[in-house]
Amino acid sequence: MTHASPSNESSQFDLLRQRRFAPFFWTQFLGAANDNLFKFAFTVLVTYQLQVAWLPPALAGLVIGALFILPFVLLSATSGQLADKFDKARVMRAVKNLEIAIMAVAAWGFLLDDAGLKVVVLLGCVFLMGLHSTLFGPVKFAYLPQHLGEQELTGGNGMVEMGTFVAILLGNVAGGLLIGLPEIGAKAVAVACLAVAVAGRLVVQRVPDTPATDPDLHINHNPFTETWANLKLAHANLVVFRSLLGISWMWFFGAVFLSQFPSFAKEVLHGDERVASLLLVVFSIGIGAGSLLCEVLSRRHVEIGLVPLGAIGMSVFSIDLYVASRGLPAPAGGVAHTLGSFLAQPAHWRVMLDLALLALSAGLYSVPMYALIQLRSPASHRARIIAANNILNALFMIASSLLAGLLLASGASIPQVFLATGLANVLVAGYIFLLVPEYLLRFVAFVLTHVVYRVRLRGQAHLPVQGAAIVAANHVSYVDAVLLMAISPRPIRFLMDHRIFAVPVLGWLFRLAKAIPVAPQKEDPVAYERAFEQARAVLAGGDLLGIFPEGGITRDGQLQPFKGGIMKIVASHPAPVVPVALRKLWGSTFSRIEGGQAMVRPFRRGVFSRIEVLVSAPIGPAQLSPEGLQQVIQHSLDVPLPRRRAQTGMA
């Protein structure tokens with residue numbers, strides 16, 4: 001599948017004008033809206049309008065939610081196989097045909113006069129709509145990498161996440177309004193659900209063909225063995241597997257808040273049902289804003305450095321939500337706050353701000369993780385891995401409901417449940433980031449390139465998104481490796497002077513990045529050879545190797561003669577070499593100054609110090625020489641950049 005090359009000025013919203021994305025986006029948007037229109041209308045129906053002894057209103061929401069999630073646990077493994085085996089556009093069309101059939105049955109159910117039969121039919125449709133979503137989920141996330149390039153994945157996922165939460169919000173609002181219409185509410189919901197299903201089927205017809213990634217796959221109908229096999233496959237790539245766990249934790253975290261909004265609004269904020277709806281609106285807007293913000297902050301690449309930033313926000317604002325919601329006074333006379341009286345209280349704005357920023361942080365946390373899984377999962381098994389992720393999500397959400405229920409049953413207040421969730425997020429996120437240091441490293445690189453430096457980048461397209469390659473750069477400062485991490489779409493293993501590992505903090509950081517220490521051959525021949533063995537292993541694994549051919553940090557700001565170690569590596573493992581020139585770093589915080597040391601006057605050039613990174617076209621191993629490589633980098637250092645914004649600028 002070929003990807004259209006995004007223009008430098010294009011944004012994620014431009015995808016909505018392209019056939020490879022727009023029909024797919026509106027298909028999933030209409031499906032999510034219909035799910036929630038139907039479920040919320042049914043929930044209101046059995047809570048306020050019907051009296052069924054065997055389904056009391058207090059249990060209605062729990063039963064409906066459990067029935068909807070059940071297919072994810074039972075059938076996600078099968079749906080993942082279908083998405084890998086068949087053309088994804090064909091699968092989507094079949095799923096939308098199923099949706100029309102389900103909504104036709106639901107429409108009949110809404111029109112029945114027998115209350116008991118009505119509830120039974122609609123509960124069956126809840127399960128079937130859960131099946132509809134189970135079948136669509138793996139197709140949805142496996143579709144994107146076949147039509148979007150690496151620079152578009154974050155923006156595309158952000159649009160999908162934003163669209164999903166807007167659809168959830170609109171579906172809930174529409175369901176509540178329609179079912180509340182006097183005398184014709186049930187009929188209105190029946191017509192609306194069927195109409196939205198038909199609209200989705202019309203839109204999905206425009207989704208372009210998306211060939212099967214494993215057409216010879218033999219379907220395993222045992223969901224337990226298939227799920228286990230997919231989890232084992234994901235576990236082979238620890239970054240992918242632990243990202244699955246990270247996403248599942250986000251659903252655990254979010255489910256705590258979403259499930260408690262009605263009770264939180266009533267018991268803590270002393271508001272009516274419209275206040276509960278307002279909380280859902282604020283949360284949905286926050287998630288959408290965070291999802292869209294990912295592309296802006298990531299500069300059109302899969303930037304997993306945003307994940308720790310999102311995790312920090314999730315904890316900070318959930319803890320502050322606990323503080324802000326303690327001791328809020330009830331309105332005079334014991335009457336619940338209306339929307340107007342609720343908004344008139346300044347203390348309530350802090351609660352809404354915490355909720356909005358908490359949700360925004362969850363968007364920053366989740367979108368890069370989804371994009372990373374799509375990018376690094378094997379294409380032949382991508383849908384099955386995402387299906388396994390859906391099962392984990394469902395299990396984590398069930399566990400979330402049970403644990404929150406236990407806390408509340410033991411006497412904890414809802415704000416205390418929020419506090420416990422925020423503190424647990426600190427522990428879980430910290431554990432994940434220590435298990436997968438790449439997240440933490442990218443976060444450090446993200447902060448460095450957004451606070452200490454302001455980076456202007458040219459030629460990033462020359463950095464390969466797959467396959468072995470050597471990234472060779474001039475060595476100006478102690479953070480050159482971190483800057484190269486920030487501009488690279490993939491992790492880089494660096495070959496570095498062993499003395500840099502003795503530098504406080506930076507040494508720990510480079511050990512975390514699994515940098516390879518190299519000592520001079522005369523000083524330690526064993527360590528010298530061991531370093532080159534590890535460097536060859538990096539290339540043999542198809543990864544990126546970073547090297548500073550000067551052999552040390554410049555002491556005068558000038559390019560030093562290149563050593564021949566790079567030729568020793570290429571001789572046994574031929575790989576293209578990507579020259580990178582780091583400019584305007586000399587004299588900054590982390591570089592040496594004339595006759596002095598680095599880091600003696602922090603921020604001596606202020607914050608947002610401007611630097612430039614120029615990436616040149618790769619040099620083939622047959623054309624490589626230390627002198628030629630040095631000449632290419634020296635030329636990049638000497639040629640001034642044009643005054644206009646660089647073609648792929650980071651700033």
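Note: hydrogens, waters and symmetry copies are ignored here, and every other heavy atom, side chains too, is used. Quantities reported herein were computed from a predicted structural model and do not represent experimental measurements.
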Using the test side-chain hydrogen bond (donor to acceptor under 3.5 Å, both in side chains), find all partners of N97 that sit at least two apart in sequence or belong to another chain. R201

Salt-bridged, R90 to D209, with N to O below 4.0 Å? no

Keeping the roles fixed (side chain from S366, backbone from L364), state whether a donor-acceptor pair exists under 3.5 Å. no

K140 meets the salt bridge (charged side-chain N to carboxylate O under 4.0 Å, His left out) criterion, sequence neighbours left out, with none

Using a 3.5 Å distance criterion without hydrogens, assess whether the side chain of Q460 forms a donor-acceptor pair with backbone atoms of I487. yes

Does the side chain of D214 come under 3.5 Å of the side chain of Q81 through a donor N or O and an acceptor N or O? no

side-chain hydrogen bond (donor to acceptor under 3.5 Å, both in side chains) against K39, all qualifying residues, sequence neighbours excluded: none

Residues at least two apart in sequence or cross-chain that pass salt bridge (charged side-chain N to carboxylate O under 4.0 Å, His left out) with D35, listed by chain then number, are none

Would you tabulate the side-chain donor-acceptor contacts of residues 22-30 under 3.5 Å, counting partners in other chains and residues two or more places apart, or write 'none'?
{"from": "T27", "atom 1": "OG1", "to": "P23", "atom 2": "O", "distance (Å)": "2.7"}
{"from": "Q28", "atom 1": "OE1", "to": "T164", "atom 2": "OG1", "distance (Å)": "3.0"}
{"from": "Q28", "atom 1": "NE2", "to": "F25", "atom 2": "O", "distance (Å)": "3.2"}

Does the side chain of Q18 come within less than 4.5 Å of H147's, by heavy atoms? no

What pairs with W251 under side-chain hydrogen bond (donor to acceptor under 3.5 Å, both in side chains), at least two apart in sequence or on another chain? Y370

Side chain of T134, backbone of F72: donor and acceptor closer than 3.5 Å? yes

Between R456 and V613 (side chain of the first, backbone of the second, donor and acceptor by atom type, cut-off under 3.5 Å), is there such a pair? no

Treating N390 as the side-chain partner and S76 as the backbone partner, does any N or O pair qualify as donor plus acceptor under 3.5 Å? no

